[in-house]
Amino acid sequence: MKHILKSFAVFALAISLTNCGEKKETDAYGNPVEEKTETTTETTVDPLFAKGQELFEGKGTCTACHKPDTKVIGPSIKEIAKIYKEKDASIAAFINEEGEPIVDPTQYETMKTNFAITKAMTAEERKALEVYMMSFE
Ligand code: HEC
């Protein structure tokens with residue numbers, strides 16, 4: 001009797017182990033697949049940055065006069081971003097004609113011609129342009 005009980009216990013244990021093994025999912029190589037906890041390593045891109053870039057190159061026509069590294073008609077984006085960071089100034093305010101030119105005041109009249117476009121934008125669009133330009137360093 002004792003012997004029977006013992007073997008039954010072993011049998012039961014064997015079954016539970018097999019069941020347990022069956023439940024585990026395995027990959028193509030037979031290795032158990034761990035339950036995936038979504039660890040997204042993507043760096044979150046500020047949605048305003050993408051929007052700002054689109055406006056800068058599109059509707060804003062800014063690329064016509066501003067390039068990342070080199071001065072063309074207007075100062076480079078890097079130069080503008082550097083000065084705006086140093087002075088803790090707001091590009092969004094400037095392009096809404098709420099600030100003074102601090103980069104190249106002698107050429108302000110040329111930049112002013114673009115205010116017709118930027119002042120017709122929403123505050124969010126102007127902020128997006130600021131986020132985009134300030135990302136340059
Ligand atoms: C027709 C050419 C032209 C276009 C188009 C243009 N800019 Fe400019 N921008 C200039 C010139 C020239 C300056 C230098 C004068 C100045 O500093 O105000 C300038 C200066 C600036 C400055 C620095 C202002 C300061 O404090 O001195 C910012 C910021 C700026 N532009 C943003 C923009 C944005 C954003 C756009 C697009 C929506 C744009 N610009 C389109 C010619 C242009």
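Numbering of ligands and ligand atoms starts at 1, following listing order. A quick note: this is a predicted structure, and the numbers were derived from the prediction, not measured.
Side-chain atoms of Met121 and Ile95, non-hydrogen and from C-beta on, never get closer than 4.5 Å to each other. You'll find the side chain of Leu129 reaches within 4.5 Å of the side chain of Cys62, heavy atoms only. Side-chain atoms of Glu124 and Leu48, non-hydrogen and from C-beta on, do get closer than 4.5 Å to each other. Contact check for Ile77 versus Phe56: side-chain heavy atoms found under the 4.5 Å cut-off. At least one side-chain heavy atom of His66 sits under 4.5 Å from a side-chain heavy atom of Pro75.
By the 30° and 60° cut-offs, the orientation of the rings of Phe115 relative to Tyr108 is perpendicular.
Residue-ligand proximity, Thr61 to ligand 1, at heavy-atom distances under 4.0 Å covers atoms 5 (C). For ligand 1, the atoms lying closer than 4.0 Å to a non-hydrogen atom of Ile91 are 29 (C). The Thr118 neighbourhood of ligand 1 comprises atoms 38 (C), with distances under 4.0 Å to a heavy atom of that residue. Near Met133, meaning under 4.0 Å from one of its heavy atoms, ligand 1 places the atoms 32 (C), 35 (C). Heavy-atom proximity to Tyr108, at under 4.0 Å, picks out these atoms of ligand 1: 15 (C), 18 (O). When each atom of ligand 1 is checked for a heavy atom of Pro101 under 4.0 Å away, the hits are 18 (O), 25 (C), 26 (O), 27 (O). With ligand atoms numbered from 1 in the order given, ligand 1 contributes 10 (C), 11 (C), 12 (C) to contacts under 4.0 Å with heavy atoms of Gly74. Below 4.0 Å from some heavy atom of Ile73 lie the following atoms of ligand 1, by number and element: 12 (C).
With distances taken over non-hydrogen atoms, the option nearest atom 43 (C) of ligand 1 out of Gly60, Cys65, Ala93 is Cys65. Heavy-atom proximity to atom 29 (C) of ligand 1, evaluated over Asn114, Ile80, Thr113, is greatest for Ile80.
In terms of hydrophobic clustering, with Ile, Leu, Val, Met, Phe, Trp and Tyr side chains grouped at heavy-atom distances under 4.5 Å, Tyr132 and Ile83 are assigned to a common cluster.
With 2.8 Å as the limit, Met111 counts as an N, O or S neighbour of atom 8 (Fe) of ligand 1.
Residue Ala64 has no nitrogen or oxygen atom sitting less than 3.5 Å from a nitrogen or oxygen atom of ligand 1, judged on distance alone. Residue Asp104 has at least one N or O atom closer than 3.5 Å to an N or O atom of ligand 1. Backbone and side-chain nitrogen or oxygen atoms of His66 are examined, and one is located within less than 3.5 angstrom of a nitrogen or oxygen of ligand 1. Checked by distance only, ligand 1 and Tyr84 come closer than 3.5 Å through their nitrogen or oxygen atoms. For the pair Ile102 and ligand 1, the shortest N or O to N or O distance falls below 3.5 Å.
The environment of CD in Glu137 is sparse: at most 12 heavy-atom neighbours from other residues, nucleotides or ligands sit within 6.0 Å.
Here the heavy atom of the protein found nearest to atom 23 (C) of ligand 1 is Val103 CG2, 3.7 Å. Here the protein heavy atom with the shortest distance to atom 13 (C) of ligand 1 is Pro75 CD, 3.3 Å. Nearest non-hydrogen protein atom to atom 38 (C) of ligand 1 is Cys62 SG, 2.6 Å.
Remark: side-chain polar atoms of Ser90 are paired, donor with acceptor, to backbone N or O of Ala93 under 3.5 angstrom. Distance alone, capped at 3.5 Å, is enough to place a donor-acceptor pair between the Lys85 side chain and the Met134 backbone.
Distance check: Ile117 CD1 to Arg126 CZ gives 13.0 Å after rounding to the nearest 0.5 Å.
Between Tyr84 and Glu100, the shortest heavy-atom distance links the atoms OH-O, 4.3 Å.
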